[in-house]
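Below is one structure, written out as structure tokens, with a few remarks after it.
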There are 2 protein chains.
Amino acid sequence: MKEIEKKLNDNGVRPTAMRILIYKYLAEKDVATSLTDIEMAFAKADRTTLFRTLKTFEKQGVVHQIDDGTGVQKYALCEPGCNCELEQDLHLHFHCNNCDETVCLTEHKIPHINLPEGFVAEDANLVLKGICDKCSGQ
Amino acid sequence: MKEIEKKLNDNGVRPTAMRILIYKYLAEKDVATSLTDIEMAFAKADRTTLFRTLKTFEKQGVVHQIDDGTGVQKYALCEPGCNCELEQDLHLHFHCNNCDETVCLTEHKIPHINLPEGFVAEDANLVLKGICDKCSGQ
DNA sequence: CTGACCTATGCAACGGAAGTGCATTTATTG
DNA sequence: CAATAAATGCACTTCCGTTGCATAGGTCAG
Ligand SMILES: [Mn+2]
Ligand SMILES: [Mn+2]
Ligand SMILES: [Zn+2]
Ligand SMILES: [Zn+2]
């Protein structure tokens, strides 16, 4: 518990009760999480607070946002080494068409792409879709 | 004009007046187009008709949908050789942070990625973001 | 301790975009 | 021409992200 408080403090986020709970919730999940997911897990908390908590976490580099193509924004905790605030940690994401979950594949970086003359890339998003390990296993 | 009618017919889309206009509009643009874009270009047409036209085009392989991370669905005509209906034509897309336009880089295919054991990829989406050729040119 | 102050939270409402149900018009075909 | 099918138009809904403003709660100077 104290580690979470420290982690948040280190990232310039005041460790309120709610924020610690949300952090804990995200830490226990191994899949990307939407605002609605959190809303259902903390039914008595206000949606706006949860929304703003995620935005604060994002700005302070506690979580990174994931666009998996479902049209719903998702979030996941940043890895210890990751420095999203400065430059994107360009790992890829996998969305399962079966269980509908999205996971970070933090070990798999997005390969460098040679662009035509005049194009300058600053950021990249790569999402693979298919069947995840849990769903293909059985 | 007759070519458009033929093209639509070949793809199993009845060439109504509206559909031909929309096709022409898409053909004249070299950037991905949203429903709202089309709505503004054809102010007197109903949004639902435009929406369903795009969906019909998509299903019949006339256009492909593009998710560029802006949260707005975009569409672009498929290349002559492309066969989106069967399998995705996995070219990448570039979104300009300056002019806010998204373009198809049809020559640039998404590289193959080695996934961890158990993951089976069926589809992929790669979007690069930065400054496009038109915006970096000056 | 106390008041001033800043931040976090809660409540309400807004806006954009995707999508659906149903009535009506337009095209097709026997 | 009549019967049928397809396309269009209108109204309405839902979902999600977002903002404005009022209140509660924690922090700190005096
Ligand atoms: Mn991730
Ligand atoms: Mn494209
Ligand atoms: Zn799965
Ligand atoms: Zn540009």
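Each chain gets a letter, A, B and so on, in the order the sequences are listed, and its residues count up from 1. Scope of the values below: all heavy atoms of this structure, side chains included, with no hydrogens, waters or symmetry mates.
When the side chains of ILVMFWY residues are joined at heavy-atom separations under 4.5 Å, either directly or via intervening members, B/I66 and A/V72 end up in two distinct hydrophobic clusters.
Every side-chain contact (heavy atoms from CB on, under 4.5 Å) that B/V103 has, sequence neighbours left out, goes to A/F119, B/V31, B/F94, B/L105. For the side-chain hydrogen bond (donor to acceptor under 3.5 Å, both in side chains) test, no residue two or more places apart in sequence or in another chain qualifies with B/T106. Checked against side-chain contact (heavy atoms from CB on, under 4.5 Å), B/F51 has the following partners two or more places apart in sequence or in another chain: B/L35, B/K55. For A/F57, the ring pair (Phe, Tyr, Trp, His ring centres under 6.0 Å) criterion is met by no residue, not counting sequence neighbours.
When the side-chain nitrogen and oxygen atoms of A/T16 are compared with OP1 and OP2 of C/dT7, none of them lie within a distance under 4.0 Å.
Tested against B/K74 for a side chain to side chain donor-acceptor pair (under 3.5 Å), the candidates B/D68, B/D67, B/T33 yield a single pass: B/D68.
Among the protein residues, B/T36 comes within range of the sugar-phosphate backbone only, with heavy atoms under 4.0 Å from sugar or phosphate atoms but none that close to a base.
Electrostatic pairing of B/D46 and B/R52 does not count as a salt bridge here, judged by no charged N lying under 4.0 Å from a carboxylate O.
When DNA chain D is scanned 5' to 3' for any atom under 4.0 Å from a heavy atom of chain B, the first and last hits are D/dA6 to D/dA11.
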Readout for nucleotides 19-30 of chain C: B = base within 4.0 Å of protein heavy atom, S = sugar-phosphate only, - = neither; 5' to 3' it is BBBB-----S--
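A donor-acceptor contact shorter than 3.5 Å is absent between the side chain of A/N9 and the backbone of A/K6.
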